[in-house]
Amino acid sequence: MNGKKRKPSRRIVLLGLLCIALPAGFNSPAIAAHPAARSDEETMIFGEIPSVVGASKYEQKVTEAPSSVSIVTSAEIKKYGYRTLADILRRLRGFYVTDDRNYSYVGVRGFNRPGDYNTRVLLLVDGHRINDALYEQAYIGTDFILDVDLIDRVEVIRGPSSSLYGSSAFFAVVNVITRRARNLDGLEISGEAASFDTTRWRASYGNRFGGGLEAVLSGTHYESKGQNLFFPEFDDPATNNGVAEKKDGDRFKSLFSNVSFGDFNLQAAYSTREKGIPTGSYGTAFNDPRTRTTDERYYADLKYERVIDARTSFMGRIFYDWYRYDGDYAYRDDTVNPVPPFFYLNRDGGKAEWAGGEFKLSRRMRDRHRLTVGAEYRYALHLDQFNFNPDPFTQALDDKRRDDNWGIYFQDEVVLAKTLVLNAGARHDRYGRFGGTFNPRVALIYNPSGNWFLKFLYGRAFRAPNAYELYYSDGGVTQKSNPGLRPEVIRTYEIVFENYTADHYRVVAAGYFYRIDNLVSQQEDPADGLTVFRNAGEVRAKGIEFALERKWGSGLEGRVNYALQKTRTSDTGTDLSNSPRHLAKLNLLVPLAGEKLSAGMEVRYMSKRSPTPPHTTPAGAVTVANVTLFSARLVKGLAVSGSVYNLFDKEYGDPAAVEHPEALIPQDGRNYRLKFTYKY
């Protein structure tokens, strides 16, 4: 189901340049004298430099951050019809997402190994680590713990950030900032209907009470019956002629609360998602409705944050997290169940429970230094994995462990000269199972004028092997353990040029090189046919990225970005699987009736990708276009949007991991969504 090979990247660039060069009649009015009086949404429209918190753990302009940063606002999420965090990440330069009809996986700068569970990107919600302690997975699809309607903005910090965050801050940190009570200011109801018998309902309430008390409470329910999918590998009458009928169902529920009082903030979130698996992965019986996974996650985070004086601030937090995974896998084997039709059920799962805390002290000294120091501790009370057949009962895995780790870090921002800033920091982490690791980051930021910035960046990061990679074994059915795994290490060198002009342009150009040592990779052992995680050599990559944006006061926006990336293994010199050489994207937002109606168009191009061994079929190049009509003010308090995704109904597939019999996993064709939001 490969997409037809095309070369639309040139057309995308030309369209982007065309939207930048529109007539002068679209010029924006003069910038207001007091920018602090405008909202974040207005700030982005009027072209001022936005701020970021996650790059240094304190607020700073993105041009001053020791990394290359992208910001996606709530206004963009609405106007482009983004449904999940995966949709948001797809629009960023150098990012792409694949889907195996169960989970979504984010690729960054040419790296997205099927079966990796997003362990090399650190996902935060208001600074709270969302990657679980068992698989270290960052959930970006419908399994993400937060409804996207609750997002105020998404900060994406590229490059290694283990100097502040420890493990998993490998390729990027994604910090999701939630809406506050002042953004909601009352009751908000949202509902949507979409293709594949899909519905979603949300109710949110936010209010600022007397005495400094603010509160947000929200709940969401989502259900999709899924679609029929054809898999040619199962095209046989015995397996329903390759058609998985309504086995792609998806449902989730989520709750979110955030309460602030003075310097204290208490945040809690809960989500549960159940997903059908239509692919026949892990040798399961094809088209069996019992094969499905359930992911359940919740956390509570109590934070104290205080500005002590004009130069000093303090933050302390304690947290508790819980996660559970349950997978039911239906098999057909007469050696296990001799009774026709020989079906039996295998139950696979895990549970993690962990708690910890962090403190951070930041102080500005003599207007030339800003020093930040901190420490973090995490203790896993439960890291449990199990696998068994309930009838007849046989236990293949019952692994229970505990673990802890701690880290201390510092960062110093030093003004060397009027046009030159040095930002340097490091963190030492200690793990009981493999010892310590030290990871620095250095950034030299040159700003000869108020409009443009040049950054020279170096960083080292690590990713600790998780309990699943180390200890999982299902008794010789599909996978075996490898407790001797060592941490991966990445070293990244990058040059970034950024320019903001008074004409509301933004230009970003970046070149980078990175090397990964001790790469943990899922492989098939030819000796027994079982999959196993191993430290499989080195990966080297280099690439360039380019982005051009313009925003007008009239509401017209244009953005085009392009990434050229080359990611290869050092031992064989071959390209990594699921690694596109070219990524090109165009976003265009056109006001149709002033502020009452807008049209958002998104076009994404991805070049071909190599298959994951033992598969041999590559994924062809593909171009996907999405269109959204959005109205916020046709009726007071009512916002309505209609979206068409994959407008031209392109057929394409994503490379499959080794557990799938298919080489390519088919993706959604043309589909629709109608959404309304009413604010009381």
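From a predicted model like this one, the values you see are computed outputs, not experimental measurements.
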Under 4.0 Å between a side-chain nitrogen and a carboxylate oxygen: does that hold for [X] and [Y]?
| X | Y | answer |
| --- | --- | --- |
| Asp149 | Arg202 | yes |
| Asp326 | Arg347 | no |
| Arg463 | Glu136 | no |
| Arg101 | Asp99 | no |
| Lys275 | Asp248 | yes |
| Arg324 | Glu296 | no |
| Arg515 | Asp517 | yes |
| Asp328 | Arg290 | no |
| Arg378 | Asp403 | no |
| Lys480 | Asp528 | yes |

**Asked** Is there a side-chain contact (heavy atoms from CB on, under 4.5 Å) between Asn466 and Tyr117 once you walk through the steps?
**Response** CA-CA 11 Å; Asn466 55 61; Tyr117 297 114; over 6 Å; no
**Request:** Apply salt bridge (Lys or Arg N to Asp or Glu O under 4.0 Å) to Asp100 and list each qualifying residue two or more places apart in sequence or on a separate chain.
**Result:**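 For Asp100 there are no salt bridge (Lys or Arg N to Asp or Glu O under 4.0 Å) partners, ignoring immediate neighbours.
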Output the distance between atom [atom1] ([X]) and atom [atom2] ([Y]), rounded to the nearest 0.5 Å.
| X | Y | atom1 | atom2 | value |
| --- | --- | --- | --- | --- |
| Asp404 | Trp354 | CG | CH2 | 15.0 Å |
| Leu255 | Leu146 | CG | CG | 11.5 Å |
| Asp116 | Gln137 | CG | CD | 10.5 Å |

**Evaluation steps, ring-ring contact (aromatic ring centres under 6.0 Å, His included), between Tyr299 and Tyr320** = CA-CA 6 Å; Tyr299 72 85; Tyr320 170 81; over 10 Å; no
For [X] and [Y], test the side chains for any donor-to-acceptor distance below 3.5 angstrom and give the result as yes or no.
| X | Y | answer |
| --- | --- | --- |
| Glu245 | Asn287 | no |
| Glu469 | Asn482 | no |
| Ser162 | Arg460 | no |
| Asn439 | Thr437 | yes |
| Gln227 | Asp197 | no |
| Arg609 | Asn578 | yes |

Within the side chain of [X], is there an N or O that forms a donor-acceptor pair under 3.5 Å with the backbone of [Y]?
| X | Y | value |
| --- | --- | --- |
| Asn131 | Val121 | yes |
| Arg292 | Tyr329 | no |
| Asn389 | Pro392 | no |

**Request:** Decide if the gap between the ring center of Phe462 and the ring center of Phe170 is smaller than 6.0 angstrom.
**Result:**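 Centroid distance Phe462-Phe170: not below 6.0 Å, so no.
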**Arg251 atom CZ: more than 12 heavy-atom contacts under 6.0 Å** =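 It does not: Arg251 CZ has 12 such atoms or fewer within range.
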Aromatic ring pairing [X]/[Y], orientation class (parallel under 30°, perpendicular over 60°, tilted between):
| X | Y | result |
| --- | --- | --- |
| Tyr304 | Phe264 | tilted |
| Tyr105 | Tyr103 | perpendicular |
| Tyr344 | Tyr331 | parallel |
| Tyr135 | Tyr325 | perpendicular |
| Phe386 | Phe388 | tilted |
| Phe171 | Phe111 | tilted |

**Message:** Within the structure provided, determine whether Arg486 and Pro465 are in side-chain contact (heavy-atom separation under 4.5 Å).
**Reply:**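 No, side chains not in contact.
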**Asked** After noting the C-alpha distance and the side-chain angles of Phe533 and Leu485, does the key distance pass the side-chain contact (heavy atoms from CB on, under 4.5 Å) rule?
**Response** CA-CA 8 Å; Phe533 287 94; Leu485 285 173; 3.9 Å; yes
**Message:** Working note: Leu92 + Arg158, criterion side-chain contact (heavy atoms from CB on, under 4.5 Å); need CA distance, chi angles, decisive distance, verdict.
**Reply:** CA-CA 11 Å; Leu92 301 171; Arg158 295 173 180 81; 4.0 Å; yes
**Item:** Among Trp201, Phe252, Phe196, Phe144, the one residue meeting ring-ring contact (aromatic ring centres under 6.0 Å, His included) with Tyr222
**Value:**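 For Tyr222, the ring-ring contact (aromatic ring centres under 6.0 Å, His included) check succeeds only for Phe252.
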**Prompt:** Can you name the one residue among Arg427, Lys360, Arg430 that meets salt bridge (Lys or Arg N to Asp or Glu O under 4.0 Å) with Glu376?
**Reply:**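 That would be Arg427; it is the only one of Arg427, Lys360, Arg430 passing the salt bridge (Lys or Arg N to Asp or Glu O under 4.0 Å) with Glu376.
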**Request:** Evaluate the side-chain hydrogen bond (donor to acceptor under 3.5 Å, both in side chains) criterion for residues Ser204 and Ser218: first the C-alpha distance (whole Å), next the side-chain angles of each, then the deciding distance (0.1 Å), finally the verdict.
**Result:** CA-CA 4 Å; Ser204 304; Ser218 182; 2.6 Å; yes
**Request:** Please lay out, stage by stage, how Lys253 and Ser271 fare under the test side-chain contact (heavy atoms from CB on, under 4.5 Å).
**Result:** CA-CA 6 Å; Lys253 300 175 184 178; Ser271 71; over 6 Å; no
**Prompt:** Please walk me through it: do Tyr139 and Tyr323 pass ring-ring contact (aromatic ring centres under 6.0 Å, His included)?
**Reply:** CA-CA 12 Å; Tyr139 302 89; Tyr323 168 73; 5.8 Å; yes
